[in-house]
Amino acid sequence: MPIKDSIRAIADLLPGGCRLIAVTKFQPTTAIEEAYEAGQRLFGENKAQELVGKHEGLPDDIAWHMIGHLQRNKVKYIAPFVSLIHSIDSLRLLEEVNKEGAKHNRVIPCLLQVHIAMEDTKFGFSEEEILELPDQLNALSLSNVAINGLMGMATFTGNEHQVHTEFEALNRLFTDLRQRDTGPLMKMEELSMGMSNDFRIAIEHGSTLVRVGTAIFGERAKP
Ligand SMILES: *Cc1c(COP(=O)(O)O)cnc(C)c1O
């Protein structure tokens with residue numbers, strides 16, 4: 001299917017309040033331009049260097065999202081322009097983002113990545129750690145980051161029941177935090193969950209941002 005048709009087909013499935021991030025990792029510029037011409041403006045990358053290169057070569061009105069594991073020494077490269085970092089998985093990383101945000105005089109929007117999958121290869125905070133964060137954050141006074149929500153990746157499995165259970169659990173945590181007084185730094189607005197193979201399940205559980213690559217661009221050439 002042409003890229004523009006894939007984007008339209010996916011967008012048609014999303015409820016109001018849920019936005020599509022086109023994940024461009026390993027995709028050539030021509031494919032991204034095709035998505036852009038179809039009206040797509042939110043793009044995601046899982047590597048800092050790729051984000052920087054693509055940001056430089058493509059139109060300014062694209063919002064670039066960092067969705068993959070981020071090393072602290074790479075934060076400086078993306079801090080000037082990144083729209084949302086989905087993958088905050090430690091307080092030290094958040095402090096680094098805050099430091100770089102201050103250098104560029106901006107407040108960088110972030111999501112906390114929560115480990116919901118059974119695989120232990122996926123990064124993120126545990127539920128227990130997330131619940132302790134509001135107090136820890138209030139003690140730190142970070143003024144150049146904003147925590148706008150949570151992100152999670154379900155287990156890569158054909159067992160849909162498992163995926164439902166994991167997304168449901170993340171939504172429960174999101175809703176729980178939303179109802180608490182989590183201080184000025186944390187505002188639960190975005191729930192980033194769902195990829196090509198499971199975004200249909202994720203939207204049933206309240207996803208506000210789906211991160212879709214393969215279902216738009218086709219299979220990636222693995223590096
Ligand atoms: C690659 C990637 C995606 C998109 O994966 P697809 O299966 O191609 O849709 C989503 N989120 C993250 C964090 C990724 O690294």
Side-chain angles (χ1 to χ4, degrees), residues 1-14 18-28 31-32 34-35 38 40-55 62-71 74-75 78 82-90 93 97 109-125 148-160 162-163 166-167 170 174 190-223:
M1 216 196 278
I3 289 170
K4 69 172 184 349
D5 295 344
S6 306
I7 288 179
R8 199 151 308 142
I10 295 167
D12 280 348
L13 294 174
L14 302 182
C18 182
R19 295 179 296 158
L20 171 64
I21 299 171
V23 176
T24 55
K25 63 187 184 207
F26 311 129
Q27 297 300 337
I32 306 175
E34 213 176 313
Q40 182 66 28
R41 291 295 180 272
L42 304 184
F43 290 91
E45 271 292 332
N46 70 336
K47 293 219 163 58
Q49 298 95 313
E50 288 290 310
L51 203 65
V52 170
K54 286 173 176 159
H55 164 256
I62 292 178
W64 288 102
H65 289 215
M66 177 65 192
I67 62 172
H69 181 62
L70 178 59
Q71 289 170 307
K74 303 280 168 60
V75 173
I78 65 170
V82 69
S83 282
L84 181 64
I85 300 176
H86 293 230
S87 44
I88 299 295
D89 58 5
S90 72
L93 177 59
V97 173
C110 295
L111 306 180
L112 302 170
Q113 184 169 352
V114 188
H115 180 95
I116 54 171
M118 292 195 304
E119 296 125 356
D120 48 40
T121 52
K122 286 175 186 165
F123 296 97
F125 292 100
N148 290 350
L150 306 178
M151 179 271 224
M153 292 168 84
T155 305
F156 187 75
T157 172
N159 179 350
E160 292 202 352
Q162 178 71 28
V163 176
E166 290 170 0
F167 285 151
L170 189 57
F174 179 74
E190 301 287 2
L191 183 56
S192 167
M193 56 186 198
M195 307 174 27
S196 291
N197 59 331
D198 58 17
F199 75 86
R200 290 172 189 79
I201 300 177
I203 57 184
E204 286 184 47
H205 297 286
S207 174
T208 68
L209 289 169
V210 292
R211 311 177 308 271
V212 179
T214 317
I216 296 175
F217 298 107
E219 285 299 325
R220 296 180 272 275
K222 294 266 149 50

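Atoms within a ligand are numbered from 1 in the order they appear, just like the ligands themselves.
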Would S87 and Q113 count as a side chain to side chain donor-acceptor pair (under 3.5 Å) if you check the C-alpha gap in whole Å, the side-chain angles of each, and the deciding distance to 0.1 Å? CA-CA 5 Å; S87 44; Q113 184 169 352; 4.9 Å; no
Can you find a side-chain donor-acceptor pair between E45 and T24 that sits under 3.5 Å?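 Their side chains do contain a donor-acceptor pair, which is all the 3.5 Å distance test asks for.
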Every residue of the protein that comes under 4.0 Å of ligand 1, judged on heavy atoms: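 The answer is V23, K25, N46, I67, M153, M195, S196, R211, V212, G213, T214, R220, counting any residue whose heavy atom sits under 4.0 Å from ligand 1.
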To the nearest 0.5 Å, what is the distance between CZ on F167 and OG on S207?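 The distance works out to 7.5 Å.
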Measuring from atom CZ of R8 to atom CD of Q40, what distance do you get when rounded to the nearest 0.5 angstrom?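 Answer for the CZ-CD pair, R8 versus Q40, is 11.5 Å.
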Tell me whether the rings of F123 and H69 are parallel (<30°), tilted (30 to 60°) or perpendicular (>60°).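 It falls in the parallel class, under 30°.
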Mind checking what makes salt bridge (Lys or Arg N to Asp or Glu O under 4.0 Å) contact with R200, not counting sequence neighbours?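 By the salt bridge (Lys or Arg N to Asp or Glu O under 4.0 Å) rule, R200 matches no residue at all.
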